[in-house]
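Please read the structure below before turning to the comments.
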2 protein chains.
Amino acid sequence: MPRPDRTDQRRKELIPIIAKAFAELGYRRATTAKLAKRCQVRENILYRLWRDKKAMFVAAIDHVYQQSADTWQRILAEADDEAGPAERLLAYEAKHYGESGLHPIIFAGLSETNEPEIREAMEKMYSRFHGFVRQQIKEHRKQRGGSVEPDAALCAWAIVGLGNVANISRELGLLTGSGRKRLFAQVGSLLLGGQTA
Amino acid sequence: MPRPDRTDQRRKELIPIIAKAFAELGYRRATTAKLAKRCQVRENILYRLWRDKKAMFVAAIDHVYQQSADTWQRILAEADDEAGPAERLLAYEAKHYGESGLHPIIFAGLSETNEPEIREAMEKMYSRFHGFVRQQIKEHRKQRGGSVEPDAALCAWAIVGLGNVANISRELGLLTGSGRKRLFAQVGSLLLGGQTA
DNA sequence: ACTTATCGTAAGCGAATACTTACATTATGA
DNA sequence: TCATAATGTAAGTATTCGCTTACGATAAGT
């Protein structure tokens, strides 16, 4: 009878644009008017796709993780070097970390944790990032054998922190590209391997 | 003749209150009306002390570093254990990191770097934090002797990152207090000492 | 062809917010 | 005591922003 519902597809098309806008402008500066303009639609139709601005932002946060996860899957699939998966991921991030330009969304999210829905989305995102990294560390260490310290979970948090400062120093121009690369490569592998007992 | 100018003193009195407000509410939610109310004055007089809201925020950012620096000076002065200065600072932060409640200001600042003045203030703040930590690492390693890797500057960034995730995980409830403590103690000392060649 | 729900356009509305203006009051030093 | 500038009070304003409403256009299945 009527036209078929393309809502889902439309959402998928627009999220990358919206995420980019939130990344570049932050949560408040990314007004619904600007979001609509970038999407080349009227505000109205954004509100048909998401309940409110908050929901658009939550979708953007999810998109940040999804984007990274997809990239990592690709790297892991490409495989067969002499380097292990964790080392390959680390090397990749050393080169390309932050290239998507999406990470500032995280900064924006951190100052909007008053909103329960945003807080929840941030919580989920960080948990996923941490869980993934932790898993990689564990597998890497298992391969190598021998007891290692500190705990993989702690090292995973430290690596997440590494990503964070990398973003910050990029944003503020405190580290050059090669500096960030060395940061990932040297400190990253220290955390990955830990200290053999 | 007229009344003496107490502007400077007034600023010093109000900054802690304003900083706390920015920390709790973020930059945008901390409206000038709310700031004034917390300070128990009218908006008007805030505008006599600072050019605009941006200037209030910049002052709050400076206050964050100042607060930490003062605390650290105290710790360093208290001294004479068997533990070195760097180790004492690390142990202190492991216990008390984030207690001031001021750190969320940093999150707020990170999504306001579009404003050149705020960006500059954030840049200065991070440089100072990093410089201080780097110095501590260097002195610690000199005491111990022997060549160490990775570079102190890189490890300093990693420790700054550690502080960051500590804040984030506190904010989002992703790590318990004891988890944060172990994070500082274990990963912190790994980064402090580095890997002896 | 005709019904029906999706898609697009345009305008507007109430609330909030950064900042201002005008004016009354106070306390100081000569 | 008196001029002077600091301190406080109150109200207002222009703008912005999130969100809504009303309506016309489009495209599908029967």
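Basis for what follows: all heavy atoms, side chains included, without hydrogens, waters or symmetry-related copies. Convention: sequence-line order gives letters A, B, ...; per-chain numbering from 1.
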Rounded distance in Å - [atom1] ([X]) to [atom2] ([N]):
X	N	atom1	atom2	answer
A:F57	D:dC17	CZ	P	17 Å
B:L35	C:dT17	CG	C1'	12 Å
B:M56	C:dT17	CE	C1'	12 Å
A:R28	D:dC17	CZ	C1'	11 Å
A:K34	D:dC17	NZ	P	6 Å
B:K53	C:dT20	NZ	P	14 Å
A:Y47	C:dA10	OH	P	19 Å
B:L46	C:dT20	CG	P	13 Å

Validate the cation-pi geometry between A:K95 and A:F184: distance from NZ or CZ to the six-membered ring centre under 6.0 Å, angle to the ring axis within 45°.
-> no
Carboxylate-amine/guanidinium contact [X] [Y], below 4.0 Å:
X	Y	answer
B:E112	A:R28	no
B:R38	B:E24	yes
A:E99	A:R180	no

Which one of B:E93, B:R88, B:Q67 satisfies the side-chain contact (heavy atoms from CB on, under 4.5 Å) criterion with B:W72?
-> B:E93
Verify the contact: side-chain N or O of A:T32 to OP1 or OP2 of D:dC17, cut-off strictly under 4.0 Å; return yes or no.
-> no
Members of residues 12-25 of chain B that approach DNA chain D, where some heavy atom sits under 4.0 Å away = none
Let me have a per-nucleotide readout for nucleotides 5-14 of chain D, 5' to 3', with B, S or -, counting only protein heavy atoms under 4.0 Å.
-> SBBBBB----
Pairs touching residues 41-51 of chain B that satisfy side chain to side chain donor-acceptor pair (under 3.5 Å), sequence neighbours left out | B:T32-B:E43
Sort out for me which residue in A:Q135, A:K142, A:Q143 forms a side-chain hydrogen bond (donor to acceptor under 3.5 Å, both in side chains) with A:E139.
->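 Testing each of A:Q135, A:K142, A:Q143 against A:E139, the sole residue satisfying side-chain hydrogen bond (donor to acceptor under 3.5 Å, both in side chains) is A:Q135.
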Should A:I75 and A:V64 be counted in the same cluster of Ile, Leu, Val, Met, Phe, Trp and Tyr side chains packed under 4.5 Å apart?
-> yes
Should the ring pair A:Y126 and A:W157 be called parallel, tilted or perpendicular, given that the plane angle runs from 0 to 90° and is split at 30 and 60?
->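 Taking A:W157 first and then A:Y126, their aromatic rings sit tilted (interplane angle of 30° to 60°).
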